[in-house]
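Here's the structure we're looking at; comments come further down.
Just so you know, these numbers come straight off a predicted model, no measurement behind them. Reminder, nothing fancy here: chain letters follow the sequence lines and each chain counts from 1.
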Amino acid sequence: MATECKDYSFQKIEAHWQSFWETNQTFRTSDDRSRPKYYVLDMFPYPSGTGLHIGHPEGYTATDIVARYRWARGCNVLHPIGWDAFGLPAEQHAVKTGAHPRLNTEANIKNFRRQLKALGFSYDWSREVNTTDPDYFKWTQWIFRQLFQHGLAYVDERPVWWCSELKTVLANEEVVDGRSEVGHHPVERRNLRQWVLRITAYADRLLAGLKDLDWPDSTKRMQEAWIGRSEGAEVLFQLEDPALGSLRIFTTRPDTLFGCTYMVVAPEHPLVPALTTAVQQEAVEAYRKTASRKSDLERTDLAKEKSGVFSGSCAINPVNGQRVPIWIADYVLMGYGTGAIMAVPGQDQRDWDFAKAYALPIIRTVQPPAGFNGGAFVEDGPAINSANPEISLDGLGVAAAKEKITIWLEGKRLGERKVNFKLRDWLFSRQRYWGEPFPIVWVDEADYERALSCPEVARPKVPVTFRRDGRTFCALALPEGALPLRLPEVTSYQPTGNGESPLAAIPDWIDVWYHPVTGEAAPASGPRPEGPLWIRAKRESNTMPQWAGSCWYYLRYLDPRNPSAISDRKLLDYWGVPDLYVGGAEHAVLHLLYARFWHMFLHDLGVVREPEPFRKLFHQGIILGEDGEKMSKSRGNVANPDSVIGEYGTDALRLYLMFLGPLEAMKPWNPRGIEGVFRFLNKVWREYVGEDGGPHPKISAAATDTPEIERLRHETIRKVGDDIEALRFNTAISQMMIFVNALQKAPAVSRGTALAFLQLLAPFAPHLAEELWARHGEPPSISRAPWPVYDPARLVLEQAKLVFQVNGKVRGDQLVRVGLPQSDAVEFARAHPRLKPYLEGKSVKKIIYVPGRILNLVVD
RNA sequence: GCCCGGAUGGCGGAACGGUAGACGCUCCAGACUUAAAAUUUGGUUUCCGAAAGGAAGUGCGGGUUCGAGUCCCGCUCCGGGCACCA
């Protein structure tokens with residue numbers, strides 16, 4: 001079964017065992033539901049043209065170790081991989097070459113698959129998924145269809161980030177510093193019709209769910225900040241001109257209402273034209289124009305200085321009847337709250353800055369402590385200047401004052417409690433070819449009603465419509481039976497440039513005769529097919545963003561070929577959600593938030609049992625180049641997995657990646673460091689293989705281990721197991737090195753000990769471990785042998801080195817038996833020659849004795 | 001500006017509040033070899049010392065403690081995230 005080589009020929013060994021695993025389907029997951037399950041998931045890669053980056057095998061090796069460890073612990077392990085294969089680079093490549101993005105994507109996947117297989121990962125390759133496969137995205141479309149039917153998807157004409165270079169719309173989070181995250185192109189605001197998912201409907205649950213997740217705190221905090229829940233009140237300010245009605249504002253500090261000296265509305269606020277008086281007309285117009293022309297880059301750059309213009313109108317402060325001027329300023333955003341605020345310069349630094357700039361009055365309504373000489377006072381303190389004949393907040397702390405004034409406002413119907421979120425609805429459409437087509441057609445109102453009059457055609461909870469050229473169009477979801485809706489072939493991948501995808505340029509696909517019950521379609525250029533129900537329809541030309549396919553892929557692995565469901569009910573119940581999810585921290589908000597949203601929705605539908613998709617999450621740290629800088633082609637500091645494997649083998653690469661430092665840490669790649677683990681593997685080989693290639697003669701069933709080896713065996717089993725469970729692979733490896741160093745010095749070692757160590761090594765360096773296991777006559781695969789156990793009783797030392805301290809300074813040590821009483825320990829210390837000079841003539845004030853560790857004598 | 005995380009030998013990094021520097025890299029010296037590589041033995045925080053040993057030492061300044069890399073307070077620097085969210 002083993003190879004024939006006499007020395008550590010890692011190429012031969014690794015190729016041999018990889019083909020063994022493949023032939024024997026060693027890591028094929030069974031659906032034997034009698035065994036405990038363990039589902040360990042990697043973030044599946046986007047198969048880029050540049051191949052695997054060294055960061056991929058880092059996280060993937062970690063999960064592979066865990067997977068192999070769980071196999072050995074008798075678990076039914078699910079450890080799958082797949083491809084997040086829709087994406088912009090493939091489309092850009094298609095635009096450039098004219099070749100179908102599928103071809104490029106397939107070639108890249110082939111390369112990725114080859115590279116991952118060369119790393120010897122224990123994936124169940126029969127469960128591979130590919131987000132671009134129609135059998136896969138059928139279910140992405142199915143989930144979207146459900147979202148649509150449940151009123152969680154809608155279209156909206158909204159200002160979005162338009163990138164003229166990419167000729168597409170980008171989501172807020174895809175725009176970094178006023179440029180596209182992909183390609184770093186300039187972007188601008190444009191109003192376009194877009195599909196939007198109502199993720200804000202889940203804001204509270206997305207926030208609340210975080211607290212029970214075993215995730216890095218930093219990631220939880222980032223999601224928390226992103227969701228951005230804040231409690232406050234909406235308050236109505238009557239406008240001075242009663243004909244104009246009232247202005248609704250949101251504040252988190254209703255307690256400071258008495259300190260409101262002016263108000264601000266966003267430049268885009270719908271009331272601006274009405275509020276603007278004739279005298280101010282020109283100034284307001286000019287200001288609005290400047291604000292609209294500002295790119296976000298400028299807006300953030302100019303964040304320091306506040307600007308604004310007086311509208312000419314005033315409002316009445318509901319608590320004291322004061323006239324307050326209404327200003328227009330771009331430090332208030334239309335997209336948050338009501339797009340209007342009451343400004344309280346005494347308690348808000350932004351308002352303070354603005355008031356100073358425009359010489360507006362400032363009233364403090366919270367008493368700052370004596371000696372406070374800053375601007376706005378935002379801390380807690382007693383309220384002042386906050387009373388009218390009906391209510392007084394004076395003397396109350398912030399929380400109590402908020403409560404009191406809110407009750408008062410609600411009683412007078414002047415305002416109400418309100419919770420606001422920073423989280424916005426999710427912009428879900430892209431003007432691209434290479435994405436999932438929306439399973440949606442647009443029909444006119446009359447046809448919509450005709451279609452819905454058929455009992456087979458389900459009516460969405462909330463109709464989705466839009467108006468164009470004076471006509472209203474309504475969205476109809478394709479029936480489930482018509483899924484998947486495939487991508488049509490196109491002649492050009494070039495976007496139309498007017499905000500529509502290349503799909504809009506295929507008349508026979510986009511304009512159709514449509515049958516709302518069956519979802520069948522025929523080109524509108526042809527004759528209307530026979531039958532009463534055929535209506536004219538226009539397909540949705542947008543496609544879904546790349547996040548769509550990655551929102552639910554972990555569910556498809558459970559049952560990847562199922563033609564009639566996301567996964568079989570029984571399998572969903574058995575496998576549930578991943579027990580461990582490992583991937584980069586760059587997905588802390590986007591992917592992980594979107595996937596949680598979809599999962600919660602699927603939970604509501606009854607598709608999945610658990611409310612959260614990823615109970616335990618871990619981020620592997622970034623591997624930097626040798627120079628300590630981020631790896632990049634331009635810096636020329638990129639480590640290539642292929643060449644490392646060629647030189648040292650996969651086992652050495654895997655071991656080194658794990659030995660580099662803590663998994664979560666950012667750490668530099670050191671090409672010389674790999675020599676160390678390579679030597680270690682060679683040393684293991686030499687200890688296990690004799691000159692004839694058979695088992696090393698010093699290992700025998702008859703041999704007795706030295707007490708040191710015996711103890712170290714148990715110690716190592718304990719440490720390696722504990723470390724794997726805690727994902728501390730670097731210290732697990734040093735423990736194995738310690739063990740092998742001891743092995744090397746031992747004259748003989750028992751077969752049992754030797755085999756147990758191989759099992760510990762197997763998750764880390766599986767090829768070498770399998771090889772040595774086989775050479776010692778054990779049946780493969782080593783990953784099926786039950787994980788060795790340690791005896792805690794063997795870990796207890798009979799003797800321990802007791803350290804003597806005088807006044808906290810180490811002055812000597814001595815080997816003593818473990819249960820030594822304190823009096824004897826003190827005796828030993830007094831007799832110790834090195835302690836004599838420090839104890840002579842001194843009286844011992846205090847004795848601290850930690851048995852087996854330390855004896856500290858405090859003298860004067 | 002706000003919120004996190006980090007700082008330990010020449011380097012990557014170890015250290016339940018209990019001998020700081022495990023393990024590995026680098027470097028030095030010895031063995032083996034005609035020689036080199038590989039292997040192997042020993043050394044490798046700094047300073048004083050021939051040695052025994054002593055002193056200092058975990059970014060900086062304080063504190064708690066018999067004892068602090070570890071806990072607390074105040075800084076510096078580096079990295080990451082957010083950024084007018086009312």
Walk me through whether A/F354 and A/Y262 qualify under ring pair (Phe, Tyr, Trp, His ring centres under 6.0 Å).
CA-CA 10 Å; A/F354 191 83; A/Y262 66 102; 5.4 Å; yes
Is the distance from OP1 or OP2 of B/A38 to the nearest side-chain N or O of A/R679 less than 4.0 Å?
no
Give a yes/no on whether any side-chain N or O of A/S230 is located under 4.0 angstrom from OP1 or OP2 of B/A86.
yes
Distance between the P atoms of B/C73 and B/G79, in whole angstroms?
25 Å
I want to check something: taking the side chain as every heavy atom from C-beta on, are A/V749 and A/F757 in contact at a cut-off of under 4.5 Å?
no
Between P on B/C23 and NZ on A/K719, what's the gap in Å once rounded to a whole number?
13 Å
Might you list the N or O atoms of the protein lying below 3.5 Å from N or O atoms in nucleotides 5-7 of chain B, with each pair's distance?
none

Give A/N420 one of three labels, base, sugar-phosphate or nothing, depending on what nucleic acid heavy atoms sit under 4.0 Å from its own.
nothing
Select one nucleotide: of B/C66, B/U40, B/C4, the one nearest the side-chain heavy atoms of A/S218.
B/C4
At under 4.0 Å between heavy atoms, what does A/D351 touch on the DNA or RNA strands: base, sugar-phosphate, or nothing?
nothing
A/K745 side chain: which of B/U41, B/U19, B/C66 is closest?
B/U41
So which atom in A/P325 and which in A/L360 form the shortest heavy-atom distance, rounded to 0.1 Å?
CG-CD2, 4.4 Å
So, is A/R728 close to the B/A14 phosphate, meaning a side-chain N or O under 4.0 Å from OP1 or OP2?
no
Side chains of A/N420 and A/S230: any donor to acceptor distance under 3.5 Å?
no
In terms of heavy-atom contacts, A/N807 and A/V858 come closest through OD1-CA, 3.3 Å
For A/I738, which contact category applies under a 4.0 Å heavy-atom criterion: base, sugar-phosphate, or nothing?
sugar-phosphate
Rounded distance in Å between the C1' positions of B/G69 and B/C60:
15 Å
Looking at B/G24, B/C66, B/A86, which one has an atom nearest to any side-chain atom of A/M737?
B/G24
Once you apply the 3.5 Å cut-off to both distances, tell me the Watson-Crick or G-U wobble partner of B/U40, or none.
B/G30
Could you let me know what B/A52 is paired to, Watson-Crick or G-U wobble, both distances under 3.5 Å, or none if it's on its own?
none
Considering Watson-Crick and G-U wobble pairs with both distances under 3.5 Å, what does B/G59 pair with?
B/C75
Aromatic contact, A/F377 with A/W352 (centres under 6.0 Å)
no
B/U44 versus B/G24 - spacing of their P atoms, nearest Å:
15 Å
Sort and list the pairs that fulfil side-chain hydrogen bond (donor to acceptor under 3.5 Å, both in side chains) and have at least one residue in residues 671-682 of chain A, not counting sequence neighbours.
A/Y648-A/E675
Which whole number of Å gives the distance between the P atom of B/A15 and that of B/G81?
27 Å
Have a look at A/Q349 and say if it touches a base, only the backbone sugar-phosphate, or nothing, with a 4.0 Å heavy-atom cut-off.
nothing
A/Y331 side chain to A/D351 side chain, donor-acceptor N/O pair below 3.5 angstrom:
yes
Quick one: on RNA chain B, does A/N741 or A/F250 contact a more 5' nucleotide (nearest heavy atom)?
A/N741
Between B/G18, B/U40, B/A86, which one does the side chain of A/Q805 approach most closely?
B/G18
Using distance only, find each side-chain donor-acceptor pair of residues 218-225 of chain A under 3.5 Å and give its atom names and separation, not counting sequence neighbours.
from, atom 1, to, atom 2, distance (Å)
A/T219, OG1, A/H619, NE2, 2.7
A/K220, NZ, A/L210, O, 3.3
A/K220, NZ, A/L213, O, 2.7
A/Q223, OE1, A/R596, NH1, 2.8
A/Q223, NE2, A/A588, O, 2.9

Starting from the 5' end of RNA chain B, give me the residue, A/G339 or A/V858, whose nearest nucleotide shows up first.
A/V858
Partner of B/C23 under the Watson-Crick or G-U wobble criteria, both distances under 3.5 Å, comes out as B/G12
How far does the C1' atom of B/C16 sit from the matching atom of B/A22, given to the nearest Å?
16 Å
Whole Å only: how far is the NZ atom of A/K801 from the C1' atom of B/A20?
14 Å
Give the nucleotide from the list B/C23, B/G13, B/A86 with an atom nearest to the side chain of A/P662.
B/G13
Provide the closest heavy-atom pair for A/F764 versus A/M736 in the form atom of the first, atom of the second, distance.
CD1-CE, 3.5 Å
Could you check how far CD of A/E629 sits from P of B/C78, rounded to whole Å?
13 Å
With a 4.0 Å cut-off on N to O distance, would you call A/K698 and A/E687 a salt bridge?
yes
Could you state the atom-to-atom distance from NZ of A/K422 to C1' of B/C82 in whole Å?
7 Å
Is it the case that the side chains of A/K683 and A/N741 hold a donor-acceptor pair, with the cut-off being a distance below 3.5 Å and no angle test?
yes
Would you say that A/F237 contacts A/L257 through its side chain, given a criterion of any heavy-atom pair below 4.5 Å between the two side chains?
yes
Specify the separation, in whole Å, of atom CZ of A/R686 and atom C1' of B/A38.
8 Å
To check you understand the geometry: which heavy-atom pair defines the closest contact between A/A355 and A/I362, and what is its length?
CB-CG1, 4.1 Å
Tell me whether the rings of A/W327 and A/Y358 are parallel (<30°), tilted (30 to 60°) or perpendicular (>60°).
tilted
All heavy atoms of A/Q799 vs all of A/L815, minimum pair found to be OE1-CD2, 3.5 Å
With a 3.5 angstrom cut-off on both distances, give the Watson-Crick or G-U wobble partner of B/G17, or none if there isn't one.
none
Under 4.0 Å, counting only non-hydrogen atoms across every strand here, what does A/Q744 touch: a base, just sugar-phosphate, or nothing?
sugar-phosphate
Below 3.5 Å between N/O atoms, which protein atoms pair up with nucleotides 8-12 of chain B? Just atom names and distances, please.
from, atom 1, to, atom 2, distance (Å)
B/G12, O2', A/L660, O, 2.6

Per-nucleotide protein contact string for nucleotides 51-59 of chain B (B base, S sugar-phosphate only, - none; heavy atom under 4.0 Å):
---SSS---
Set out, line by line, the N/O atom pairs under 3.5 Å between protein and nucleotides 62-65 of chain B.
none

Taking 4.0 Å as the cut-off, does a side-chain nitrogen or oxygen of A/N730 come that near to OP1 or OP2 on B/A14?
yes
Between A/E416 and A/K418, does any NZ, NE, NH1 or NH2 come within less than 4.0 Å of an OD or OE carboxylate oxygen?
no
Proximity to the side chain of A/I854 - top-ranked nucleotide from B/U19, B/C66, B/C4
B/U19
To the nearest Å, give me how far apart CG (A/L857) and P (B/U19) are.
16 Å
Does A/K306 get its side chain close enough to the base of B/C84, under 3.5 Å, for a donor-acceptor pair?
yes
Round to the nearest Å and state the distance from A/F739 atom CZ to B/G24 atom C1'.
19 Å
Using whole Å, what does the distance between atom P of nucleotide B/A38 and atom NZ of A/K6 come to?
24 Å
Under a 3.5 Å cut-off for both contacts, is B/A83 paired Watson-Crick or G-U wobble with anything, and if yes, with which nucleotide?
none
Do A/E626 and A/N637 make a side-chain contact, defined as non-hydrogen atoms from C-beta onward lying under 4.5 Å apart?
no
